[in-house]
Amino acid sequence: MSDTIHGGGNCSGHSHDAQHAHHGHGGGGSLRTSAQATMHCLTGCVIGEVAGLALGVTLGLGIWPTIILATTLAYVTGITLGLLPVMKNRGVSLVEAFRIIWIGEVVSIGVMEVAMNFADYQMGGMTAPSVASWMFWRGILVAVPVGFLAAWPINYWLLRQNLKACH
């Protein structure tokens with residue numbers, strides 16, 4: 001199927017070589033490529049996640065409102081960071097870029113968020129007295145690698161199925 005429907009380019013060097021080579025996705029095997037795609041996704045997620053957790057803790061929100069806020073912001077920042085390079089590199093509109101990336105980003109971010117929020121909750125980060133507390137940052141320091149490790153095999157599979165776009 002076309003990459004505008006399923007998420008485009010398998011990022012392992014078989015298609016879109018010139019577009020992906022400058023991102024380091026052009027040749028290093030599928031484990032390396034999926035790790036790079038996961039790291040890219042994690043970057044967007046962490047921005048929104050940390051902002052949401054910080055707001056939730058600062059405003060004294062409960063666990064579920066904090067999770068909802070952090071997850072919503074993670075999707076906004078994660079998808080935005082996925083859209084911009086696709087729009088620029090492929091010269092497509094916002095809508096077309098969204099069609100290219102949405103499946104891979106929604107699944108990857110979803111897995112990442114479940115793992116990160118669970119880890120942060122278990123570490124007490126969501127119930128920290130403030131963002132200046134070690135408890136808050138300990139939760140994030142544990143949640144970030146947990147999110148990466150949870151999403152990496154998913155991104156590997158998405159790339160192998162041609163459901164995730166390299167960007």
Handout entry: Side-chain (Arg138) to main-chain (Met123) donor-acceptor, under 3.5 angstrom
Key = yes
Fill in the blank from the handout: Here the gap from Ile154 atom CD1 to Leu158 atom CG, rounded to the nearest 0.5 Å, amounts to 7.0 Å
Fill in the blank from the handout: Closest non-hydrogen contact found for Gly78 with Glu105 is O-OE1, 3.8 Å
Completion exercise
Applied to residues 118-135, the side chain to side chain donor-acceptor pair (under 3.5 Å) test, sequence neighbours excluded, yields none
Handout entry: Side chain to side chain, Tyr75 and Thr71, heavy atoms closer than 4.5 Å
Key = yes
Practice task
Please lay out, stage by stage, how Tyr156 and Trp152 fare under the test ring-ring contact (aromatic ring centres under 6.0 Å, His included).
Solution key: CA-CA 6 Å; Tyr156 176 82; Trp152 189 7; 8.7 Å; no
Problem - Value rounded to 0.5 Å, distance of OG in Ser34 from CG in Leu159 - result: 6.5 Å
Fill in the blank from the handout: Here the gap from Glu96 atom CD to Ile101 atom CD1, rounded to the nearest 0.5 Å, amounts to 11.5 Å
Fill in the blank from the handout: Looking only at heavy atoms, the pair that brings Gly124 and Met135 closest together is O-SD, 3.1 Å
Handout entry: Non-hydrogen side-chain atoms of Ile79 and Phe98 separated by less than 4.5 Å
Key = yes
Practice task
Indicate, with yes or no, if Trp102 and Val86 share a hydrophobic cluster defined by side-chain heavy-atom contacts under 4.5 Å among Ile, Leu, Val, Met, Phe, Trp and Tyr.
Solution key: yes
Handout entry: Nearest heavy-atom neighbours spanning Ala74 and Glu113
Key = CB-OE2, 3.3 Å
Problem - From Ile67 atom CD1 to Leu61 atom CG, the distance as rounded to the nearest 0.5 Å - result: 11.5 Å
Completion exercise
Separation between OG1 (Thr58) and CG (Leu53), nearest 0.5 Å, reads 10.0 Å
Handout entry: Side chain proximity check, Leu42 to Met116, heavy atoms < 4.5 angstrom
Key = yes
Exercise for the section: Enter the distance from Met126:CE to Phe136:CZ here, rounded to the nearest 0.5 Å. Expected result: 10.0 Å
Problem - Heavy-atom donor-acceptor pair, Thr77 side chain to Gly44 backbone, under 3.5 Å - result: yes
Practice task
With the side chain counted from C-beta on, respond yes when Leu81 and Ile47 share a heavy-atom pair under 4.5 Å apart, and no when they do not.
Solution key: yes
Handout entry: Closest heavy-atom pair and its distance - Arg160, Ser30
Key = NH1-OG, 3.9 Å
Handout entry: Nearest non-hydrogen partners of Gly125 and Val57, listed with the distance
Key = O-CG2, 3.6 Å
Exercise for the section: Answer yes if Ile103 and Ile109 sit in the same cluster of Ile, Leu, Val, Met, Phe, Trp and Tyr residues linked by side chain heavy atoms under 4.5 Å apart, and no otherwise. Expected result: yes
Problem - Considering all heavy atoms, the nearest Gly147-Ala115 contact - result: CA-CB, 4.2 Å
Exercise for the section: Spell out, yes or no, whether Trp157 and Val107 are grouped together once hydrophobic residues are joined by side-chain heavy atoms under 4.5 Å, including indirect joins. Expected result: yes
Exercise for the section: Tell me whether Val46 is reachable from Trp137 by hopping between hydrophobic residues (I, L, V, M, F, W, Y) whose side-chain heavy atoms are closer than 4.5 Å. Expected result: yes
Problem - Close side-chain approach of Leu73 to Leu55, heavy-atom, < 4.5 Å - result: yes
Exercise for the section: Indicate, with yes or no, if Leu149 and Met39 share a hydrophobic cluster defined by side-chain heavy-atom contacts under 4.5 Å among Ile, Leu, Val, Met, Phe, Trp and Tyr. Expected result: yes
Problem - Any Thr38 side-chain heavy atom under 4.5 Å of Met112 side chain - result: yes
